[in-house]
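Report on one structure; see the data block that follows.
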Amino acid sequence: MLKHIRVAGPHGMIMLLPVLTLVLLAPVSLAAARKAGAKAPVKAAKAENPSAPKPAPTEAAFEQWLKKYGAYDRIVLPEPEQNDQDAGANVLKRAEGQLLQGSPQQALALIEAQPAFDDPATETQRLWLGAQAHRSLGDPYKAVIWYSHAAKLMDGKHIKERLAAEPGLEPLWVDVWRRQFWAFVGAPAASGEALETNLRTLLAQAETAWGPQNFWLKAKESLALATGEFPPAPPVETKDPAKTKAAAKDKDKDAPLNVGSADRQRIAEALAAASLEDFVHARTALAGLPDPALKDFWTAMIAFMETGKPHDTKVLRGAGYAKAAGFWSANLLAPFTASRETWFLGSPGVASWTKFRNNINQLPNQEAHDAVDKELQSLLLSEDMSRLLRTLKFVLLVESGDLDAARETWDGLDKRKLPFSLRLAGGMLTQEDVKNLLPQEIGAAAKLSPALRSLLAAAGTGTALVAEAPFWTKAEVGRNSAVNKVWPLDRLLVLADWQARWEAAPGPELARRSAFLFPDTAYGYDCLSYLAQKAIEGRYFQLAGTYLNRMADMSADKKSQAVRLGLKAKMERDSGKDAEALESYRALTGLGVELDPKTRLDMATFLQLKNDFEGGRKQLLILWEQRDKLARPLQAEVLFWLGEGEHSLRNYDAALDFYLRLAYQYPKEPMWPTVAMYRAAMIYELKGSFEPAKKFLNAVIATADTKEAKEAARNRLNALEAKSGKPTSAKDGPEGVYPF
C-alpha cells in the first residue's frame with residue numbers, strides 16, 4: 001500500500017502527498033544519494049554556507065531554455081524601453097523569435113525597420129537574421145545578398161565558420177552565382193559593371209568559406225574569361241602515342257555536329273518562308289538537311305511557329321545532343337508566343353496585307369520578285385508599307401538562293417523591327433552581331449538574347465557565351481554525367497542533366513534547386529508541384545503556400561494551372577478553409593480541362609462533405625466512365641463514394657447497387673468492400689430485411705482488417721438479432737421455411 005505523509009499546503013491547508021511524489025520531486029533520488037554517500041571520501045567535506053547567494057541564471061541561458069521548450073513567443077514579447085543599444089538588441093531577439101515561430105515576414109519587418117548598428121558584431125547578426133528571413137520567404141537571391149553583406153563584416157576565420165555551418169548554404173550560393181553569371185554574360189555592357197562587382201564579391205567569399213575547388217574553380221576561370229582577363233594555362237597534353245590515338249578516337253566519337261553553309265542556307269530559307277506563314281515551303285526546304293537530329297530540331301522550330309507548341313525531345317536526347325534537347329526544355333521561346341507579329345512579317349489581322357502576302361506566296365519566285373519591285377516603285381507608299389515590301393524582297397531573295405543580293409537588301413533593313421524569324425535568317429546568313437538584332441530596351445534584350453543566341457548557335461553560327469559548350473555537343477546526362485564538373489555554367493546542359501536525374505529519381509533537394517535555377521520552365525513548374533504536394537502531405541501549409549504562390553506567378557497552360565488549383569484546394573481543405581477550397585474547386589472546373597483522377601476524386605468527396613451531392617455525383621460518374629484507365633483500388637473507391645452519395649440522399653436502392661457491385665467486383669481490395677458490406681447491412685436493416693443484413697455483418701466480421709471493425713460489426717449484429725430474433729430454421733440457408 002502506498003504510504004502518504006501530511007504536509008502544509010497553501011493557506012495552511014493540510015495535504016496528503018504520496019511518498020513517491022516527494023521522491024520524484026527531490027533533486028537526487030534516494031538510491032543515488034545512498035550511492036554517493038557510499039563513495040564519499042573519509043575526509044570531512046568543506047561545509048557550504050547555506051546563506052551564500054547563488055549565481056543568477058543569465059538572460060541568454062533563459063532564452064536557450066525557452067527555445068528548448070518551443071516557447072518562442074516569450075522571446076518575441078516587447079520589453080520595457082532601454083537605452084538605444086539594448087533596445088536594438090531586443091529587436092533582434094524579437095526578430096529571432098518570430099523566425100523560430102515560423103513568421104519570417106514579421107521578422108523581416110522588424111529587421112528592416114532597425115537602422116544599421118555601429119557595432120560590427122550586432123550589425124552582422126542583424127544581416128544574418130535578415131538573410132534567414134529572406135530564405136524562409138523563398139527568396140534565395142536576397143538571402144545570399146544579405147549573407148554576403150554580413151560576411152563583409154567578418155574576418156576569414158568567421159566567414160568559413162559561419163557560412164560553412166549554415167545548412168544547405170553552399171548549393172544555394174552556387175545557384176545564385178550561376179544566375180548572376182548568366183545575367184552578366186548575356187547583358188549589355190552598360191548594365192554589367194554592378195553585376196561583375198557582385199560576382200567577384202560572392203566568389204571571393206565562397207572561396208574563403210568552401211575552398212577554391214570544384215565549382216568555384218570553374219567559376220573563377222569563367223569570370224576571368226568573361227571579363228577579358230587572361231585564361232588559365234591549358235593542360236599539358238600527353239606524349240604517349242597510344243593515349244593520343246585513343247583520345248583522338250574518343251574526340252571524333254563525341255565531336256559536335258558540324259552545320260555547314262549549305263545546311264545554314266536551307267534553314268534560313270525555311271525561316272524566311274515561315275515568316276510568310278508558308279509552312280509547306282519551309283518544311284520542304286528542311287527536308288534536304290542530311291543529319292536527322294539537325295532536321296528534327298529545325299522542323300520543330302517551324303512547327304512551334306505554326307502551332308505554338310513545344311517540342312518532344314526524344315530524337316535529340318536519343319542522339320546524345322543534350323544541349324539541343326535542353327533548348328526546348330528551357331522554354332526559351334515561351335515569352336514570344338502571345339503575339340503572332342513577333343514571328344511573322346506584317347500584321348496577320350490586316351486583311352489587305354494578308355491577301356497581298358497570300359497572292360505572293362502563290363506566284364513563282366521571279367514573278368513574286370517582279371510584283372514586289374513594281375509595288376516599291378509606287379509614289380503613294382506609306383513608310384510602314386515600304387518597310388514591309390523591302391523586307392518581303394529580302395525573303396524572296398533568300399528563297400531564291402541569291403545570297404549576295406539578299407545581303408545587300410539586309411544592310412538596308414532596320415533589324416530591330418524585323419520579326420524574329422527573319423532576324424534569325426539574316427543573322428545566320430550574314431554573321432550579324434547579335435547586339436544589332438536585340439531590342440534597345442535592356443529588359444526586352446535580356447529576354448530575347450538567350451533564345452536568339454541559342455538558335456544562331458543551332459544553325460552553326462554566332463559566338464557561344466563564356467563557359468558554354470558548343471550547341472551540338474554530345475554529352476551524357478543523368479546520374480553518371482560529368483556535366484556539373486565540366487560545364488557547370490552551361491544553362492542548357494545543366495538543365496538537361498538535372499532533368500534526366502529528376503526523371504530517374506525525383507527528390508526534394510533537386511526539386512528545390514531546379515525550381516530556383518529554372519523558374520520559367522515546365523520542368524521547374526513540375527518541381528514546384530512536387531514540393532507543394534510534399535509540403536501539403538506533411539501539413540507544412542505555410543511552406544506549401546510559398547510554392548503555390550510562385551506557381552501562380554509563372555506562365556502556364558491550363559493543364560498546369562489545373563495541377564496548381566488542385567493542390568491549392570487540397571491545402572485549403574486540409575487546413576480547414578472550406579470556403580476557399582470550394583472557390584478553388586470551382587475555378588478548377590472552370591478551366592474545362594481533363595483533371596488528374598485523384599484531384600477529381602478529392603473534389604468529389606469535398607463536394608459531398610459540403611452536402612453538394614449532385615456536384616459530387618457528377619464528378620464521380622465522370623471518373624466511373626473512365627474506370628478502364630484507373631487502378632483497381634481507385635475504381636473501388638469511386639464506387640464506394642458513389643454509394644455514399646446516394647446513401648446520404650436516401651436513395652437506398654441506388655446506394656445498394658453501388659455498394660453490392662463494389663463488394664462483389666472488388667473483394668480483394670483493402671477496406672472498401674468491407675465498408676460497403678457494412679453500409680449495405682445498414683440499408684437492409686432500414687428496409688426491414690434483417691436476414692441479408694445479418695449475412696453482410698457476418699461477412700464483415702470474417703473479412704475486416706482491424707479488431708475495431710470486427711467488434712463494431714459484431715455489436716451491430718447482436719443488436720439486430722435482439723431486435724429480429726433468431727431464424728426459425730436451424731440451418732441459416734436460402735431454403736424456404738414452412739411452419740406447416
Side-chain angles (χ1 to χ4, degrees), residues 138-141 171-172 174-176 178-183 185-186 297 300-301 303-304 307-314 316-317 321-338 443 446-455 457-458 465 468-469 471 475 477-478 481 483-484 487-533 546-564 567:
D139 193 334
Y141 173 74
L172 191 70
V174 166
D175 293 340
V176 167
R178 273 176 166 142
R179 286 189 63 171
Q180 288 280 288
F181 181 78
W182 293 338
V185 295
F297 182 93
M301 183 66 205
F304 177 82
T307 66
K309 294 181 180 179
H311 180 48
D312 178 4
T313 59
K314 191 180 298 182
L316 295 171
R317 289 197 287 177
Y321 295 114
K323 185 167 180 175
F327 171 85
W328 293 106
S329 297
N331 217 19
L332 296 180
L333 298 175
F336 312 110
T337 58
K447 185 188 294 185
L448 178 59
S449 177
L452 195 60
R453 289 178 184 275
S454 295
L455 289 168
L465 293 175
E468 284 197 350
F471 188 86
V477 292
S481 169
V483 164
N484 278 302
W487 300 105
L489 288 167
D490 190 308
R491 183 173 187 261
L492 300 185
L493 267 184
V494 172
L495 170 59
D497 182 51
W498 286 14
Q499 194 168 10
R501 293 170 189 263
W502 175 261
E503 290 170 359
E509 177 63 18
L510 183 57
R512 280 190 291 267
R513 296 188 69 181
S514 299
F516 169 67
L517 206 56
F518 307 110
D520 298 323
T521 67
Y523 167 55
Y525 196 94
D526 289 344
C527 288
L528 283 173
S529 302
Y530 171 91
L531 292 168
Q533 183 173 352
T546 299
Y547 295 134
L548 291 170
N549 287 338
R550 286 184 62 188
M551 292 169 70
D553 293 336
M554 296 168 67
S555 58
D557 57 21
K558 287 188 176 182
K559 186 176 180 181
S560 299
Q561 291 177 38
V563 171
R564 181 185 66 84
L567 289 169

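Rounded to the nearest 0.5 Å, atoms SG (Cys527) and OH (Tyr547) are 11.0 Å apart. Taking CE of Met551 as the reference point, atom OG1 of Thr546 lies at 13.0 Å (rounded to 0.5 Å). One finds the OH atom of Tyr141 at 12.5 Å from the CG atom of Leu172 (value rounded to the nearest 0.5 Å). To the nearest 0.5 Å, atom CD of residue Gln499 and atom CG of residue Leu510 are 10.0 Å apart. Considering CG of Leu489 and CZ of Phe181, their distance stands at 5.5 Å, rounded to 0.5 Å. Note that CG of Leu455 and CG of Leu332 are 8.0 Å apart. Values are rounded to the nearest 0.5 Å.
With hydrogens and angles ignored, the 3.5 Å screen pairs no side-chain donor or acceptor of Lys447 with any backbone N or O of Pro335. At least one donor-acceptor pair under 3.5 Å links the side chain of Asp490 to the backbone N or O of Ala469. Under a 3.5 Å cut-off, the side chain of Arg491 and the backbone N or O of Ala330 do not form any donor-acceptor pair. Panel note: side chain Tyr525, backbone Ser560; a donor-acceptor pair is recorded below 3.5 Å. At least one donor-acceptor pair closer than 3.5 Å links the side chain of Thr521 to the backbone N or O of Gly524.
The distance between the ring centers of Tyr530 and Trp502 falls below 6.0 angstrom. Residues Phe297 and Phe327 place their aromatic rings such that the two centres sit under 6.0 Å apart.
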Are Leu517 and Trp498 close enough, and set up right, to give a side chain to side chain contact (heavy atoms under 4.5 Å, CB included), and what steps lead you there?
-> CA-CA 11 Å; Leu517 206 56; Trp498 286 14; 3.7 Å; yes
I would like to know whether Leu333 and Trp328 meet side chain to side chain contact (heavy atoms under 4.5 Å, CB included); could you show each step before the answer?
-> CA-CA 8 Å; Leu333 298 175; Trp328 293 106; 3.9 Å; yes
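For the pair Pro171/Glu509, a side-chain contact is recorded, criterion being any heavy-atom separation below 4.5 Å from C-beta on. The closest side-chain heavy-atom distance from Arg178 to Arg513 is below 4.5 Å. You'll find the side chain of Thr313 stays beyond 4.5 Å of the side chain of Tyr321, heavy atoms only. Side-chain atoms of Trp182 and Glu468, non-hydrogen and from C-beta on, never get closer than 4.5 Å to each other. With a 4.5 Å cut-off on side-chain heavy atoms, Asn331 and Phe518 do not count as touching.
Nearest heavy-atom pair, Ala496 versus Ala322, reported as atom, atom and distance to 0.1 Å: CB-O, 3.4 Å. The shortest heavy-atom contact between Ser529 and Leu567 is O-CD1, 3.7 Å. When all heavy atoms are compared, the tightest approach of Arg501 to Ser481 is NH2-O, 3.7 Å. Heavy-atom minimum distance, Leu492 versus Ser454: CD1-OG, 3.8 Å. The two residues Pro488 and Val494 have their closest heavy-atom pair at O-CG2, 3.6 Å. Here the closest non-hydrogen pair linking Pro508 and Leu531 is O-CD2, 3.8 Å.
A salt bridge does not link Asp175 to Arg179: none of the charged side-chain nitrogens sits closer than 4.0 Å to a carboxylate oxygen. One finds no salt bridge joining Asp553 and Arg550 here, because no Lys/Arg side-chain nitrogen approaches an Asp/Glu carboxylate oxygen to under 4.0 Å. Checked for salt-bridge contact, Glu503 and Arg317 meet the test: a charged N lies under 4.0 Å from a carboxylate O.
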